[in-house]
Number of protein chains: 2
Amino acid sequence: MNSKCEQIKKQLIDMIDQGIYRIGEQLPSEIHMSKQFQVSRETFRGALKMLEEEGRILVKHGVGTFVIRPLPPIKSTLERLHSSSEMIRSAGLTESESMISLAKLPCPEEAAERLGIVSGTPVYILERIRKANDEPVMLSINYLPVHLFGIGFEQPTFSGSLLQFVESKLGVSVNRADTEICVPLHIDRNCQQLLQYPQTTVLLLKQLHYDEGNRPVFYSLDYMRNDVFTFHLRRTR
Amino acid sequence: MNSKCEQIKKQLIDMIDQGIYRIGEQLPSEIHMSKQFQVSRETFRGALKMLEEEGRILVKHGVGTFVIRPLPPIKSTLERLHSSSEMIRSAGLTESESMISLAKLPCPEEAAERLGIVSGTPVYILERIRKANDEPVMLSINYLPVHLFGIGFEQPTFSGSLLQFVESKLGVSVNRADTEICVPLHIDRNCQQLLQYPQTTVLLLKQLHYDEGNRPVFYSLDYMRNDVFTFHLRRTR
DNA sequence: CAGTGGTCTAGACCACCGC
DNA sequence: CGGTGGTCTAGACCACTGC
């Protein structure tokens, strides 16, 4: 994508970084700027809209547009949907080993409810302990309805992302997920496998993944060590 | 705001709900539809864009636009910035009492670093235990730089939202926050005050709030009982 | 190739703000 | 009131997809 809007946006960022427009300063009017950049006003406004969403400018109706202080870069973000593998990489870790167990079993109640299937329907349950530097850092349990993943799941050859596997081998693209963030109880068996040190705490992400038609694809429990992973979020009103 | 785009959007949703356009079905082309609704194509596309962001339609370049299954409503969301008071209300609770302590003290290191001030700079530290049904459900600690909140903070009369107070009394509008989600250690003093029952767990939100110019305004630690509050998030690729 | 959505345009008019 | 941003328009041309 190299739309004119994006080009203008980059130019504006460069100009701000170079100090041509300073923080706090008001930009010339949209009509003026669009003529200067030799694009239509709507196109120029497209660039402004992106900058506004990124929090680099403040647009005041009837007043003007102002350059503001850029927000600090965010480390890892929960806003975008990433695979667990990506989260491990973005934590600066290299996944060393992952113990896998795969079984076809009746679906437990919680997963069934979230998936919108009848409790007891057969699902593949994929369980992985993921290690970095020979230490367990994450435990994932995935519930995949057999009726969606019939064949092609008998001898899966993962070395990484389940999202990618599902996408490439089964042609199902996962675009969205509903995530519940919770703190597991200490007596939770799964949680205990990660509690290595006294200062270790564990966070649990319960996620329902949807395909492009918003149909539930699989449900997952991701137990993640909070002394290894950080969870950030930029919230807006 | 009652722009034409929004009106068209509502009409489309109504038509989908009424079954005029069914899930999975392809909509007529944009040109066709815009004529039918008697608006320009760009205006009609504005409505489509909103529906796409809400996950109600799937737009495929060169192919067409399709109605998809609506996502389930989300309970409480972390995506948008709300005050703690709002979070309590949206959990279906009524705040009964809040014990307040306010002191002017040198800023501790972590808060100072996040606020971008020198450790030891004087800050107001506002600490509140918030109760519902006579039980503590949340503990908030707020760090507010004295140089921003000089006067007007000596005898604050809260009964609710700090965000609202800061906005109305001091004229600073808070638009964004960077939030880190973490699990406190069990030996954390603040956390312990909320651990009422064996099945109680506590989640900690560390938040840096920015004004409309992206200047840090205050830093807060919110300890929240996870058996009382749920934390949801809709993630997109 | 025909039909779809994606982008851009030049211009119009409206809504808001400060003087 | 004049200047700003917000919305809408009719039309053009491009990019992608499936046949």
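Given the structure is predicted, the values throughout are model-derived calculations rather than measurements. Computed from heavy atoms alone, side chains included, the values below leave out hydrogens, waters and symmetry copies.
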### Query
Quick one: what's the B/S/- string for nucleotides 10-19 of chain D, heavy-atom cutoff under 4.0 Å, read 5' to 3'?
B-B--BBB--
### Query
A:Ile57 CD1 to D:dT4 P: how many Å, rounded?
15 Å
### Query
Which of residues 48-55 of chain A have a heavy atom under 4.0 Å from DNA chain D?
none
Would you give me the side-chain donor-acceptor pairs under 3.5 Å for residues 60-75 of chain A, sequence neighbours excluded?
unit_1: A:Arg69; atom_1: NH1; unit_2: B:Asn214; atom_2: O; d: 3.0

### Message
Under the rule for side chain to side chain contact (heavy atoms under 4.5 Å, CB included), what residues qualify as partners of B:Lys4, not counting sequence neighbours?
### Response
B:Val39, B:Thr43
### Task
Can you see which heavy atom on B:Tyr210 is nearest to which on B:Val217, and at what distance?
C-CG2, 3.8 Å
### Query
Separation of A:Glu30 atom CD from C:dA15 atom C1', in whole Å?
14 Å
## Note on the structure
Nearest-nucleotide check on DNA chain C, A:Glu6 vs B:Thr65; residue mapping nearer the 5' end is B:Thr65
### Query
Which heavy atom in A:Phe218 sits nearest to a heavy atom in A:Val166, and how many Å separate them?
CE2-CG2, 4.5 Å
### Summary
To the nearest angstrom, the CE-P distance between B:Met33 and C:dG3 comes to 19 Å
### Query
Separation of A:Lys60 atom NZ from C:dC17 atom P, in whole Å?
11 Å
### Message
Restricting to ring pair (Phe, Tyr, Trp, His ring centres under 6.0 Å), what partner residues turn up for B:Phe44, sequence neighbours left out?
### Response
B:Phe37
### Query
Given C:dT9, is OP1 or OP2 found less than 4.0 Å from the side-chain N or O atoms of A:Thr43?
yes
### Query
Taking NZ from B:Lys35 and P from C:dT4, how many angstroms apart are they, rounded to a whole number?
11 Å
### Query
Would you say A:Arg176's side chain and B:Arg234's backbone share a donor-acceptor pair under 3.5 angstrom?
no
### Residues which pass side chain to side chain contact (heavy atoms under 4.5 Å, CB included) with A:Asp222, listed by chain and number, not counting sequence neighbours
A:Ser84, A:Met138, A:Ser140, A:Leu205, A:Gln207, A:Ser220, A:Met224
### Task
Please check if any side-chain donor atom of B:Tyr124 sits under 3.5 Å from a side-chain acceptor atom of B:Asn142, or the reverse.
no
### Task
Calculate the interatomic distance between A:Gln38 atom CD and C:dC8 atom P; express it in whole Å.
15 Å
### Message
Distance check needed: C:dG3 P versus B:Leu27 CG, whole Å only.
### Response
19 Å
### Message
Would the distance check show the side chain of A:Gln7 and the main-chain N or O of A:Asn2 forming a donor-acceptor pair, the cut-off being under 3.5 Å?
### Response
yes
### Task
Figure out the CG/P separation between B:Asn2 and D:dG6, and round it to whole Å.
18 Å
### Message
Let's see if you can work this out: which of D:dT7, C:dT9, C:dG5 has an atom nearest to the side-chain heavy atoms of A:Lys4?
### Response
C:dT9
### Query
Does B:Ser3 put a side-chain nitrogen or oxygen below 4.0 Å from OP1 or OP2 of D:dG6?
no
#### Entry: Nearest to side-chain heavy atoms of A:Ser29, which nucleotide of C:dT4, C:dG6, D:dG5
D:dG5
